[in-house]
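Okay, structure first, notes after.
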There are 2 protein chains.
Amino acid sequence: MKHTTMRTKIKEILNRQDTDYKVNVKGWVRSFRNNQFIALNDGSCMANIQVVIELGTDENIVKKITNGASVSVDGTVIASQGKGQRVEIKADTLTILGECDPEKFPLQLKNRPSLEYLREIAHLRFRTNTFGAVFRVRHTLAYAIHKFYNDRGFVYMHTPIVTASDAEGAGEMFRVTTLPFDNPPRNEDGGIDFKEDFFGRSTNLTVSGQLEAELGATAFGEVYTFGPTFRAENSNTARHLAEFWMIEPEVAFNDINDNMDLAEDFIRYIIGYAMEHNREDLEFLAQRLADEEKQKPQNERSEMGLIEKLEFVMNNRFERITYTDAINILLDSPAYKKKKFQYDVKWGIDLQSEHERYLVEKHFKKPVIVTGYPKDIKAFYMRMNDDGKTVAAMDILAPGIGEIVGGSQREERLDMLEKRMAEMHIPTEELYWYLDTRRFGTVPHAGFGLGFERMVLFVTGMTNIRDVIPFPRTPKNAEF
Amino acid sequence: MKHTTMRTKIKEILNRQDTDYKVNVKGWVRSFRNNQFIALNDGSCMANIQVVIELGTDENIVKKITNGASVSVDGTVIASQGKGQRVEIKADTLTILGECDPEKFPLQLKNRPSLEYLREIAHLRFRTNTFGAVFRVRHTLAYAIHKFYNDRGFVYMHTPIVTASDAEGAGEMFRVTTLPFDNPPRNEDGGIDFKEDFFGRSTNLTVSGQLEAELGATAFGEVYTFGPTFRAENSNTARHLAEFWMIEPEVAFNDINDNMDLAEDFIRYIIGYAMEHNREDLEFLAQRLADEEKQKPQNERSEMGLIEKLEFVMNNRFERITYTDAINILLDSPAYKKKKFQYDVKWGIDLQSEHERYLVEKHFKKPVIVTGYPKDIKAFYMRMNDDGKTVAAMDILAPGIGEIVGGSQREERLDMLEKRMAEMHIPTEELYWYLDTRRFGTVPHAGFGLGFERMVLFVTGMTNIRDVIPFPRTPKNAEF
């Protein structure tokens, strides 16, 4: 049957103030009651629209109106006679587009399915309220990121995914290859001959686009990346993915303070953008989180609701402390004195999750930027401070998430950089192109990386990172 | 030396109408003449600003003002006394931030370096006018893509990069692995035991996000992807990359005609957006192309200049023809009759580059959308037409580029899809999640893929795809 009416999105109908006009809507049935009232969702927004069909409609059609079935409805938008909605659609004709056998459909919404179960049917979970909201918010955050940088004149750089370099100087990586496992080509000394591999050398998946972004920043002034990055770490936690998206701005002429300002402005902007454009989704997620927290003992519940927390971050400057301050706060803490920390605290340690949580959640009760880390626990490219012991690094720690941003002012002095690379056994020949930025018109510059999924976790109030990326990649899992 | 003035971008100075105000600018020297006039560029725009230093400035500073050096200038913006610019900066103080040894700097702009040479120093080529323009346009196109879909309510989906599935049902792929080449784990029958690999199965880099995008479209209605895709094909041409970015919108309830409308609107929108926001860059690139074409014999030159071509595409509907029409046009062509085609023409062939170019560049002289391809040369998921011989596929062919978009209405009928998969020996069990969209509330839907780099080629008038992505990945090349 050919429909002459153009499809109207449910979001548009719900946003209009008028009534008594003809529409065609298409979507999926979320519920059907009394053989008369369909809650229809088309994914354009959280809300369903109520479609009312005539009592006495053809029984062959009525029995196919099941949860998950897709339908096309021609009808009239009228003021609703029932409670719970302002408008509804009085159906003139209803066509079943696709049936959905209730016996076989894995997504039964009646008994609220667990997040764990929905992870197993990730191909269908977008059709739930929770994941609809999460992925609409994820979209909005991604868009806000591009808008923030575009409006400020940054150039978006697609840095390479397959690379022969390793930005961190270490880190577990995935090999990318077209060589066969059976009888791979070998060179004279018996090693694998990667000259025969597709790219003529050993290659892997990128862990960061930063080094290449620096090449862009030293020409365009301000650049950012937004692309996938990879870690072949066997971490089965609620905060780690093997494949995740990262945003890495890099700015010529910025120092560590400018870098902190940029990171704060950026985070506040994208949260504000989501609050403005996805209020309905965020309110639903706030309620979901509140319901979830009711299951927890009182002392494990968050002090703030989701909306409250986001407003707090938007309206308060982040705390800025040095690593040395952080160590002193931890040493002075009741937790340390009562030996509640599992890991020891002393100057020089890498802060553990328990330490970060103490600082952020107990001590300051807000996001904290820690600067001036010991050089020995940070990467080779970070700028040496005058004390010769610490580097101009910065980590932003967020309540409930931990490290959400890692960045630094970069070492722009060729001699200092080469010295540091030698100390850390990083070969300079391979990175000649990186050192060239210091050889030819070097400039002070700084940048950072924001883990996108951790940001989505923070904004949506979800607690497992597998629930904020469409199809998570984790050890032993590359489903869909 | 600490500067108290905030840095001002050159773009901002050139856009302001007033003069006689103090600024600090920072950037890279593009040229220095008469020991007095510096052309300074900070990457914010194509144009340089002229900085005038006092005659008699400290010789130790003057000798360091070389092409490529970075400087910080405090001074006053004044009306220019010379020709060629409206304003210039009279320097009060000039600080060398980073020297640049003219003997060693690989980027000597005096003798216009070739694109081939610049490809070898891709880490520095952003600092040239040509690549500055190309990558600013690339940025704008990327932003316009997000804006186009966001404004229309599409949800941006990050589909997986590492995947166990192969969207095309074929295609050469890169393996992603953490298994060692030396003594890899083997199963009982001697094959490689991929259960021991990181993801517990054999995985590769994605060739398309389409199948996963369809999962999103059947929940959100309208989604798009914008991410990297990979082909391990040994193609050393000016149009192929092993790693490239693709945009793949997917829309529930759209048929093949809606799909064509969307693709046309989309292409026109992003070109228009670049024309509006990067006019200066595009005019430079148009001139570059015109200069390049002067080297060619008359009959090989383009009939239109770059700007003219882009305006033409914005203002004219694309030609829409069926594959059968296309074959008939080719069979009727003087080129065919004079046996000028290298490849034979008959119904059923895959159109070759020479055929596409004839249709687009000689016959219609504009972009052409070809629909209704023979089922045997297209993918399993394309919707079968009623003739049982052709599928609802569409390719958009662009002058000078060839195929820029490939798409189709998808086969939403479970029985037809399963039949086609069986015929093409595509295992249905592995793709159970894909088939579930047809099992549970299936809907008509359609989508397409746009090769981003091909689009950037088209808009910038560049001729080699290696020149429109920051660091190209091609056979035997993964430099930087």
Side-chain angles (χ1 to χ4, degrees), chain A residues 7 26 28 42-44 68-70 97-98 100 105 123 126-127 135-136 139 142-143 146 150 153 155-158 160-162 164 174-178 181 184 192 198-201 203 212 215-216 219-221 228 232 243 245 253 433 436 440-443 470-471 473 475-478 480, chain B residues 7 26 28 42-44 68-70 97-98 100 105 123 126-127 135-136 139 142-143 146 150 153 155-158 160-162 164 174-178 181 184 192 198-201 203 212 215-216 219-221 228 232 243 245 253 433 436 440-443 470-471 473 475-478 480:
Chain A
R7 170 185 171 230
K26 295 185 173 78
W28 292 268
D42 67 0
S44 64
S70 52
L97 297 174
C100 187
F105 190 40
H123 62 305
F126 306 117
R127 302 188 193 184
F135 289 104
R136 275 188 300 268
H139 160 79
Y143 184 69
H146 286 296
N150 180 71
V155 171
Y156 178 29
M157 266 183 81
H158 288 116
I161 311 303
V162 177
F174 291 102
R175 175 179 302 287
V176 174
T177 186
T178 55
F181 277 109
I192 303 301
F198 187 90
F199 293 109
R201 57 170 80 186
T203 50
E212 288 90 355
L215 305 177
F220 295 110
E243 172 181 315
W245 288 67
F253 315 116
W433 48 271
D436 271 2
F440 305 115
T442 191
V443 294
F471 304 103
R473 266 65 184 121
K476 304 294 172 205
N477 176 38
F480 310 110
Chain B
R7 169 186 174 231
K26 295 185 174 79
W28 292 269
D42 69 359
S44 64
S70 53
L97 296 175
C100 188
F105 191 41
H123 62 306
F126 305 118
R127 301 189 193 182
F135 289 105
R136 276 189 298 270
H139 160 79
Y143 184 68
H146 286 297
N150 180 70
V155 172
Y156 178 30
M157 266 184 82
H158 289 118
I161 311 302
V162 177
F174 291 102
R175 175 179 301 287
V176 174
T177 185
T178 55
F181 277 109
I192 304 299
F198 187 91
F199 293 108
R201 57 169 81 185
T203 51
E212 289 90 354
L215 305 178
F220 295 109
E243 172 180 315
W245 288 67
F253 314 116
W433 47 272
D436 271 2
F440 306 115
T442 192
V443 293
F471 304 104
R473 266 63 183 122
K476 303 297 172 203
N477 177 39
F480 312 109

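Numbered from 1 within each chain, the chains take letters A, B, ... in sequence-line order. None of the values given here were measured: they were computed from a predicted structure. What you see below is based on every heavy atom in this structure, not just the backbone, and it leaves out hydrogens, waters and symmetry mates.
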Q. Where do A/Lys26 and B/Val443 land on the side chain to side chain contact (heavy atoms under 4.5 Å, CB included) test, with the steps shown first?
A. CA-CA 9 Å; A/Lys26 295 185 173 78; B/Val443 293; over 6 Å; no

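- In this structure, the portion of B/Thr203 lying under 4.5 Å from any heavy atom of chain A is its side chain and not its backbone.
- Annotation for A/Leu97 and B/Phe253: closest pair CD1-CE2, 3.8 Å, computed over non-hydrogen atoms.
- Without hydrogens or angle criteria, A/Trp245 side chain to B/His158 main chain gives no donor-acceptor distance under 3.5 Å.
- The two residues B/Phe440 and A/Arg127 have their closest heavy-atom pair at O-NH1, 3.0 Å.
- Interface remark: of the candidates B/Pro184, B/Gly200, B/Gly98, B/Gly98 forms the most heavy-atom pairs closer than 4.5 Å to chain A.
- No other option in A/Trp433, A/Phe471, A/Phe198 has as many heavy-atom pairs under 4.5 Å with chain B as A/Phe198.
- Highest contact tally toward chain B, considering only A/Gly68, A/Ala69, A/Gly221, is held by A/Gly68 [criterion: heavy-atom pairs under 4.5 Å].
- Using a 4.5 Å cut-off between heavy atoms, B/Ile192 touches chain A through its side chain atoms alone.
- In terms of non-hydrogen atom pairs under 4.5 Å with chain B, the most contact-rich of A/Asp42, A/Asn150, A/Leu215, A/Val155 is A/Asn150.
- Heavy-atom distances place both the backbone and the side chain of B/Pro475 under 4.5 Å from chain A.
- Contact detail for B/His139 and A/Tyr156: the closest heavy-atom pair is ND1-N, 2.9 Å.
- B/Tyr143 touches chain A through its side chain: at least one heavy atom from C-beta onward sits under 4.5 Å away, while N, CA, C and O do not.
- Nearest heavy atom pair, residue B/Cys100 against residue A/Gly441, reads CB-N, 3.9 Å.
- B/Val162 and A/Arg473 make their closest contact through O-NE, 2.7 Å (heavy atoms, listed as atom of the first residue, atom of the second, distance).
- Counting heavy-atom pairs closer than 4.5 Å to chain A, the top-ranked of the candidates B/Thr178, B/Thr177, B/Asn477 is B/Thr177.
- Residue with the most contacts toward chain B among A/Ala142, A/Gly153, A/Pro470, A/Pro160: A/Pro160 (heavy-atom pairs, distance under 4.5 Å).
- Per-residue heavy-atom pair counts under 4.5 Å with chain B were compared for A/Arg175, A/Arg136, A/Met157, A/Glu212, and the maximum is reached by A/Arg175.
- Checked against a 6.0 Å centroid threshold, the rings of A/Phe126 and B/Phe220 count as neighbours.
- Between the side chain of B/Ser70 and the backbone N or O of A/Thr442 there is at least one donor-acceptor pair closer than 3.5 Å.
- B/Ala478 approaches A/Arg201 most closely through the heavy-atom pair O-NH1, 4.0 Å.
- Proximity of the aromatic rings of B/Phe199 and A/Phe174 is defined here by a centroid distance below 6.0 angstrom, and this criterion is met.
- Listed options B/Phe135, B/Phe105, B/Trp28 were ranked by heavy-atom pairs under 4.5 angstrom with chain A; first place goes to B/Trp28.
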